[in-house]
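Structure incoming, see below.
Treat the numbers as computed from the prediction; the structure is a model and nothing was measured.
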Amino acid sequence: MADDKKLTTRAADFSAWYNEVVLRAELADYAPVRGCMVIRPNGYGIWERMQRILDDMFKATGHVNAYFPLLIPQSYLAREAQHVEGFAPELAVVTHGGGKELEEPVVIRPTSETIIYSMYAKWVQSYRDLPILINQWANVVRWEMRTRLFLRTLEFLWQEGHTAHATHDEAEEETRRILGIYRTFMEQYMAMPVITGLKSESEKFAGALRTYACEALMQDNKALQAGTSHNLGQNFSRVFDLRFQSVEGREEFAWNTSWGVSTRMVGGLVMTHGDDKGLQVPPRLAPIEVVIVPIFRSDDERAAVLGAAHRLRDELGSWELPENRRRRIHVDAREGMKPGAKYYDWELRGVPLRLEIGPRDLAASQCVAVRRDTGAKVPLPMADLAAALPALLEQMQRDLLDAARARRDANTVRGPITWDAFRARMDGPGGFVYAGWCGAAACEAAVKEETKATIRCLPDPEFQSTPAPATCLKCGASSRHEAVWAKAY
RNA sequence: CGGGACGUAGCGCAGUCCGGUAGCGCACCUGAAUGGGGUUCAGGGGGUCGCGGGUUCGAAUCCCGCCGUCCCGACCA
C-alpha cells in the first residue's frame, strides 16, 4: 500500500487486495497459530446471517439440529478405506490428556461422518426410524499446508448435514434437494451465481458414491467450490453397521448423504462483489443494511440531525417490527470524524446503503440515499422511507446478482476449442471453459499437470451446451461428458 | 516440505551494507477550531529492535543457531 488510505487495486494484485479487504474491513485477523484466524464481529455478523438463512431452509425441509463431539477415536476414521486415505494427511491428533498419554489417540474431527453414522447405528432398528435428517453447526480442523483467510484455514466453521434413508433413490433425492438449497442460497442471498453439477471421480469426497457441488467464478477468474452434497451410498453404513429392517422384513444397510457449506463462503462473497473501494455485502446478507451518517456544524444542528437519525432507526429498525419489515440500521455518531471519512469507512466495510442527513435535508424533510454498488445518490422524502428502503435494497440485491452473472458469463467459453487455445486460455485470462471429456482419468490428470486447470464439475442439464461437445479436450476421442474446466482455489 | 521475501511502537516502514545506545508516517490520548467525500493546529503517551548464543570497550546493525509470518509450488471446503 503506497497510500495507506487506499487499497491495493484488484488489477494490481488480487491476492493482496483480498487480504487487505478482509483485514481492513475487520472481517478477520490472523491468530497466533499458523493458519488460524479470528473471525471478528464484522465477519461473524455475515456468517450469522448465513447461518440463520440456511438454518431456516434446512428446517423448512424437515431437518433438525444436533451436536456431535469434537473428538473422534482414531480407529473410527480408519474404518472406511477411501475416507481414511482422503483425510489421514490432514488430521490433528490428540495424544495426551490429563497429563498422560492416551491409550488410543483421538483425532479432532475433519468432518463427522464416522462418529455420526456410528451413533445412527445405535438409534436405528427399522425402516420406521428412517429417514434421519440431522444437521450440525460445528468447527472442524484440517491441517492444510497452505492457508488463506476464510478460503482455507486449519480450523473453520461450517454446517454438516448427515442423513440416513431406506433407499438409494431417497438418498439421491436428498442429495439433490440440498444442492438446490445451496444454489438458491448462493444466488438469492449471496447474489453469487453458481454452476451445479457432478464432481469427477478424482475430485469427489473421499468415501462418497458421488459428489455434487456449487461452483462460482471469482473476479480473478479462478473457481471457488462453495458447497458440496454427497450421496454416500452404503459405504459408511456397511462399515458402521447401520442396518434397518425393511418393510419386507429384510435386514438392509441404510443409504446416507452428507452435505456442507462453510465460512469459506465469506471469502467467496468478498471475491464476488468486492471492488477497489472494499467489500460489498448484498442487502439480504448484510448485518447492517443501512448506515446513517449525520452531518452538522453547530451544536444545535448536531442535536437536530442526530435526533432525526435516531428516530429513523427506532422507527424502521424496531425489534417490535416483524423481521421482514425491520431494517438493520446503524447510526454513525462517531465524534471527531468528518462525514467524508465516514463514507470511505462504510464503503470499505461494504454496507449496501448510506443515508446522509444534514441540516438542509431536515429542512426539506428528506435524506440522501447513496448506493454502495453504483454510487448513485437520490434524495428520499423521510415519509417514504419505510416503503422506499425495502424496494431500493431489493433492487440492489437483484443488480448485484445480475452484475456477477454478467461477469461470469463474460469469462466463460463454450463451443469447440483446440488444445492450444485451451492452454492459452488457462495461461492467460482464465475463467470457465466448457469442453468435452472422454471420461478417462488420465486425460483429466494430464490437463491438470499441463495447465493447472481441473474439472470443476460435469454440469447439470440446465448448464450444458447445445450442441454437446463432440470430442475430448485432451485426447480428441469422442466425448462422454461435458466438463467445466477452470483453475480453482 | 522445496523456492523467495520478511521480522524494529497498534499498523506500515526507514535505520543494517560502513557497529556508537532508535526514528518517520498513520493510528492513539488531551485541548481548540473544523464538519455536505479521507480536517487543521498545538501538546502528549507508547519500542526487552522475533528468540538464544557468539564477536566487540560497545550490536537493531557483524557471525552461528532457532522460531514465526507472508508470497510462489506439491495436498485441499
Separation of B/rC11 P from A/Y30 OH (nearest whole Å)
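Taking OH of A/Y30 and P of B/rC11, I get 13 Å after rounding.
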P gap between B/rC62 and B/rC18, integer Å
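Here B/rC62 and B/rC18 have their P atoms 9 Å from each other.
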Pairing nucleotide - B/rC62, Watson-Crick or G-U, each distance under 3.5 Å:
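Matched B/rC62 with B/rG54 under the 3.5 Å cut-off.
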Strand partner of B/rG73, provided both Watson-Crick or wobble distances fall under 3.5 Å
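Pairing partner, where one exists within any strand: B/rC1.
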What integer distance in Å separates A/E26:CD from B/rA27:C1'?
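Interatomic distance, CD of A/E26 to C1' of B/rA27: 12 Å.
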Using distance alone, with no hydrogens and no angle criterion, decide if A/Q219 and A/Y18 have a side-chain donor and acceptor under 3.5 Å apart.
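Checked: A/Q219/A/Y18 side chains show no N/O donor-acceptor pair below 3.5 Å.
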For A/S112 and A/E160, which heavy atoms make the closest approach, and how far apart are they?
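Minimum heavy-atom contact is OG-OE2, 2.6 Å.
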Would you measure the distance from the P atom in B/rA9 across to the matching atom in B/rU61 and give it in whole Å?
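Per the computed distance, 15 Å lies between those P atoms.
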Give me the distance, rounded to whole Å, that separates B/rC26 from B/rC70 when you measure between the P atoms they each carry.
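Result for the P pair: 29 Å, nearest Å.
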Pairing partner of B/rG43 (Watson-Crick or G-U wobble, both distances under 3.5 Å):
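Checking every strand shown, B/rG43 finds its partner in B/rC29, with both distances under 3.5 Å.
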For A/L151, report the nucleic acid contact type (base, sugar-phosphate, nothing); a contact means any heavy atom under 4.0 Å.
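Since a base atom lies under 4.0 Å of A/L151, the category is base.
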Can you measure A/K487 atom NZ to B/rG73 atom C1' for me and round it to whole angstrom units?
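After rounding, the gap between these two atoms is 12 Å.
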Taking atom P of B/rU69 as reference, at what distance in whole Å does atom CG of A/L23 sit?
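Result: 15 Å.
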Only one of A/L149, A/L279, A/L151 forms a side chain to side chain contact (heavy atoms under 4.5 Å, CB included) with A/V270, so which one is it?
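Between A/V270 and the candidates, side chain to side chain contact (heavy atoms under 4.5 Å, CB included) is satisfied uniquely by A/L279.
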Write down the distance separating the C1' atoms in B/rG44 and B/rG50, rounded off to the nearest Å.
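Those two atoms are separated by 29 Å.
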What integer number of Å spans the P atoms of B/rG52 and B/rG43?
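Per the computed distance, 38 Å lies between those P atoms.
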Could you tell me how far B/rG3 sits from B/rA59 if I compare only their C1' atoms? Round to whole Å.
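Their C1' atoms lie roughly 31 Å apart.
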Enumerate donor-acceptor pairs with a distance under 3.5 Å from any side-chain N or O in residues 74-82 of chain A to protein atoms, sequence neighbours excluded.
| from | atom 1 | to | atom 2 | distance (Å) |
| --- | --- | --- | --- | --- |
| A/S75 | OG | A/E104 | OE2 | 2.9 |
| A/E80 | OE1 | A/Q82 | N | 3.1 |
| A/E80 | OE1 | A/H83 | N | 2.8 |

Roughly, in whole Å, what's the span from CE in A/M145 to P in B/rC71?
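Those two atoms, CE and P, are 16 Å apart.
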Write down the distance separating the C1' atoms in B/rG46 and B/rA22, rounded off to the nearest Å.
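Rounded to whole Å, the distance is 14 Å.
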Applying the Watson-Crick and G-U wobble criteria at under 3.5 Å, what pairs with B/rC67? Answer none if nothing qualifies.
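Paired with B/rC67, as far as the under-3.5 Å criterion goes, is B/rG7.
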Does A/E462 pair with A/R183 as a salt bridge, N-O distance under 4.0 Å?
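Salt bridge present between A/E462 and A/R183.
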Paired with B/rG38 by Watson-Crick or G-U wobble geometry, both distances under 3.5 Å: which nucleotide is it?
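B/rG38 is paired with nothing.
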Generate the contact string for nucleotides 28-38 of chain B. Rules: B means base contact, S means sugar-phosphate contact only, - means no protein heavy atom under 4.0 Å.
-------BBBB
Same-atom distance (P) from B/rC11 to B/rU69, integer angstrom
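So the two P atoms sit 16 Å from each other.
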Whole angstrom is fine here: how far is it from CG in A/L149 over to C1' in B/rC70?
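It works out to 11 Å between those atoms.
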Does A/W259 have its ring centroid less than 6.0 Å away from the ring centroid of A/H162?
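No.
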With sugar-phosphate meaning primed atoms plus P, OP1 and OP2, does A/F156 contact a base, only sugar-phosphate, or nothing at under 4.0 Å between heavy atoms?
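Touches a base.
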Base, sugar-phosphate alone, or nothing: which one does A/T111 contact when heavy atoms must sit under 4.0 Å apart?
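Here A/T111 touches no strand at all.
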Flag for A/W17-A/S15: side-chain donor and acceptor within less than 3.5 Å
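There is no such pair (donor and acceptor under 3.5 Å, judged by atom type) between the side chains of A/S15 and A/W17.
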Taking the nucleotide of RNA chain B with the nearest heavy atom to each, does A/N19 or A/E144 sit closer to the 5' end?
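Looking at the nearest nucleotide for each, A/N19 comes out on the 5' side.
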Could you please name the partner base of B/rG12, counting Watson-Crick and G-U wobble pairs only when both distances are under 3.5 Å?
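Result: B/rC24.
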Heavy atoms from other residues, nucleotides or ligands near CH2 of A/W419 exceed 12 (cutoff 6.0 Å):
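Enclosed.
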Both distances under 3.5 Å, Watson-Crick or G-U wobble: report the partner of B/rC17, or none.
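With both distances under 3.5 Å required, B/rC17 matches none.
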Rounded distance in Å - CZ (A/F14) to P (B/rC71)
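For the pair A/F14 CZ and B/rC71 P, the rounded distance is 14 Å.
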Find which nucleotide of RNA chain B each of A/S15 and A/F205 is nearest to by heavy atoms, and output the residue with the more 5' nucleotide.
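With A/S15 and A/F205 compared, the 5'-side residue is A/S15.
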On the ring face of A/W47, is A/R40 found with NZ or CZ under 6.0 Å from the centre and within 45° of the axis?
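A/R40 over A/W47 ring: no.
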Searching all strands shown, indicate the nucleotide that pairs with B/rU48 (Watson-Crick or G-U wobble; both distances under 3.5 Å).
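Here B/rU48 is not engaged in any pair, so there is no nucleotide opposite it.
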